[in-house]
Amino acid sequence: PYRGDIESRLQFIGNSDWVCKKTINVSSDQLKANQVMLQFLGLDTYSVIYINHRKIFSTDNMFRSYEFDIKQALKPGENLIEVYFLAPLVYTKKFQDSLSVNFPGGQRVFTRKAQFQFGWDWAPTYIAMGMWKPVYLKYLYKPSIKNLDINYVLHDDEVVVQVSAEIFAYENSKFYAETVLDGQIQSRNVNFSQGLNKLVFDFKIKKPLLWWPNGMGKQNLYQLTFKGGQIGKEEVITKKIGFRKIELVTKPDNQGESFYFKINDRPLFAKGANYVPADVFPEQVTPEKTLSLLSDAKRSNFNMLRVWGGGIYESDHFYEICDSLGLMVWQDFMFACAMYPGDESFLQNVEIEAEENVKRISQ
């Protein structure tokens, strides 16, 4: 896709509709599940999903995940899943044509899609479509963990950590939960009512080893493990946490006002670069390539990367590697060099996008 004049000859892609189809076999026993969830972690961008020729849902945001209960649309035996991707350039042109003004940035501003796909100084114009993250079909029979949130407050000689888990129960049921952090184990048996339930575990760690940016100290990380479910059949979530205090210092000075960060009460001189997607087609980026690029940044004495707003919210793996290498992340929302719509539909879409990605990346 990068040779000669092939870029100009492939522009029909963004003006065409495409369809992906798959047949799956579902047993009668599987249909006894409380829910059958079809989960797309990333669809680029305008799509309509059909099951057995019945429209189930549609999507309009590359940066969001989508999950729906499709149990009622399934039958024992063969089932056809179709994902129709609608031409982005055709879809967004109707928004452009409906206005009496042209937005700076052009047609791209109407779509919640990686902005570099429309062409940039470092990227060719390829209006891509498709499933750019994994797809899952999940048969849910028992309470399931919907979210795990970790917050902490750092004091002079200890850190107070709160672990909050949201668990959805399909009926009144018993649930075993266990959390392990810094050798401390907390567990409990609880009775859940039908619906969304919340569990909270509190920990204190005396004299915690702090996390430091590259060049200022070690990247001390603590492993947290949360298990939940029936004993012996628990779901397990493992995360690594670094404890640090960071503050933006803005005080009047002889130039106007300061603007710098302090980490663990020490001033930080930020050194780094702008990070754009590692490939024009993000699904082609391997964990090995991400590790290689970020390791180069560490060896170059970087301590901060800015994830640029014309690209994508990066993978969990990206942020985990940054944690381990001492690279702070200045995270943009996905907007770049343009004026964007302010209508209610656009803002609601962006609000869901922002909440989902802030929750994911902040952990």
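Sequence positions, counted from 1, serve as the residue numbers for this chain.
Taking 4.5 Å as the limit, some side-chain heavy atom of Ile150 sits within range of a side-chain heavy atom of Ile241. Contact of the Cys20 side chain with the Tyr84 side chain is not registered, since no non-hydrogen atoms from C-beta on lie closer than 4.5 Å. Between Gln219 and Leu325, every side-chain heavy-atom pair lies at or beyond the 4.5 Å cut-off. Taking 4.5 Å as the limit, some side-chain heavy atom of Tyr275 sits within range of a side-chain heavy atom of Glu314. Side-chain contact between Asn349 and Arg64 is present, with heavy atoms from C-beta onward closer than 4.5 Å. Contact annotation: the side chain of Glu234 never approaches that of Glu178 to less than 4.5 Å [non-hydrogen atoms, C-beta and beyond]. Residues Trp132 and Ile312 have side chains in contact (heavy-atom distance under 4.5 Å, counting atoms from C-beta outward). Two residues are said to be in side-chain contact when any heavy atoms from C-beta on lie closer than 4.5 Å; Tyr152 and Ile205 fail this criterion.
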### Message
Checking Glu158 against Lys206 for the salt bridge (charged side-chain N to carboxylate O under 4.0 Å, His left out) test, could you report, in this order, the C-alpha distance in whole Å, the side-chain angles of both residues, the deciding distance, and whether it holds?
### Response
CA-CA 4 Å; Glu158 71 174 8; Lys206 297 291 185 181; 2.9 Å; yes
### Message
Before you tell me yes or no, could you show the steps for Arg306 and Asp332 under salt bridge (charged side-chain N to carboxylate O under 4.0 Å, His left out), namely the whole-Å CA-CA distance, both residues' side-chain angles and the distance that decides it to 0.1 Å?
### Response
CA-CA 7 Å; Arg306 174 233 184 169; Asp332 280 7; 2.7 Å; yes
### Query
What's the verdict on salt bridge (charged side-chain N to carboxylate O under 4.0 Å, His left out) for Lys239 and Glu320, showing C-alpha distance, side-chain angles and the deciding distance?
CA-CA 9 Å; Lys239 294 179 178 286; Glu320 290 164 3; over 6 Å; no
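Less than 6.0 angstrom separates the ring centroid of Phe175 from the ring centroid of Phe192. Checked against a 6.0 Å centroid threshold, the rings of Tyr340 and Phe103 do not count as neighbours. Between Tyr126 and Phe281, the ring center distance clears the sub-6.0 Å criterion.
Although no hydrogens or angles enter the test, the distance criterion places a donor-acceptor pair under 3.5 Å between the side chain of Asn214 and the main chain of Phe302. Put simply, the side chain of Asn303 gets close to the backbone of Phe269: a donor and an acceptor are under 3.5 Å apart. Checking side-chain atoms of Ser16 against main-chain N and O of Phe12 turns up a donor-acceptor pair under 3.5 Å. A donor-acceptor distance shorter than 3.5 angstrom exists from the side chain of Asn79 to the backbone of Gly77, with no hydrogens or angles considered. Using modelled atom types, one side-chain atom of Trp211 and one backbone atom of Asp323 make a donor-acceptor pair closer than 3.5 Å. In this structure a side-chain-to-backbone donor-acceptor pair under 3.5 Å is missing from Gln223 to Thr238. Without hydrogens or angle criteria, Asp17 side chain to Leu86 main chain gives no donor-acceptor distance under 3.5 Å. For Asp279 (side chain) and Pro282 (main-chain N/O), no donor-acceptor pair under 3.5 Å exists by modelled atom type. Judged purely by atom type and a 3.5 angstrom limit, Asn52 uses its side chain to pair as donor or acceptor with the backbone of Ala73.
Aromatic ring orientation, Phe63 versus Tyr313: perpendicular (interplanar angle above 60°, classes split at 30° and 60°). Ring-plane geometry between Tyr222 and Phe243 is classed as tilted, the angle between the planes lying from 30 to 60 degrees on a 0 to 90 degree scale. The aromatic rings of Trp330 and Phe261 lie perpendicular to each other, with more than 60° between the two planes, well past the 30° mark.
Taking every heavy atom of both residues into account, Pro341 and Val109 meet most closely at CD-O, 3.4 Å. The two residues Leu294 and Cys322 make their nearest non-hydrogen contact at CD1-SG, 3.9 Å. In terms of heavy-atom proximity, Leu41 sits nearest to Lys133 at O-CD, 3.4 Å.
Of the residues Leu154, Asp182, Asp157, Asn220, the one that meets the side chain to side chain contact (heavy atoms under 4.5 Å, CB included) test with Pro208 is Leu154. The only option from Asp60, Asp44, Asn61 that meets the side-chain hydrogen bond (donor to acceptor under 3.5 Å, both in side chains) definition with Lys113 turns out to be Asp44. With Lys245 as reference, Asp265 is the one residue of Val159, Asp265, Val153, Leu210 to meet the side chain to side chain contact (heavy atoms under 4.5 Å, CB included) rule.
The local environment of CZ in Phe333 is sparse, with at most 12 non-hydrogen atoms from other residues, nucleotides or ligands closer than 6.0 Å. Environment of NZ in Lys146: crowded, with over 12 heavy atoms of neighbouring residues, nucleotides or ligands closer than 6.0 Å. Within a 6.0 Å radius of NZ in Lys262, other residues, nucleotides and ligands contribute more than 12 heavy atoms.
Here Phe168 sits in one hydrophobic cluster together with Met37, Leu140, Tyr170, Leu196; the rule is ILVMFWY side chains under 4.5 Å apart, joined directly or through other members.
A cation-pi contact, defined as under 6.0 Å to the ring centre and within 45° of the axis, links Lys94 to Tyr91. Taking the centre and axis of the six-membered ring of Phe116, the NZ or CZ atom of Arg108 falls outside the cone set by 45° and 6.0 Å. Because its NZ or CZ atom is not both nearer than 6.0 Å to the ring centre of Tyr46 and within 45° of the ring axis, Arg112 does not count as a cation-pi partner of that residue.
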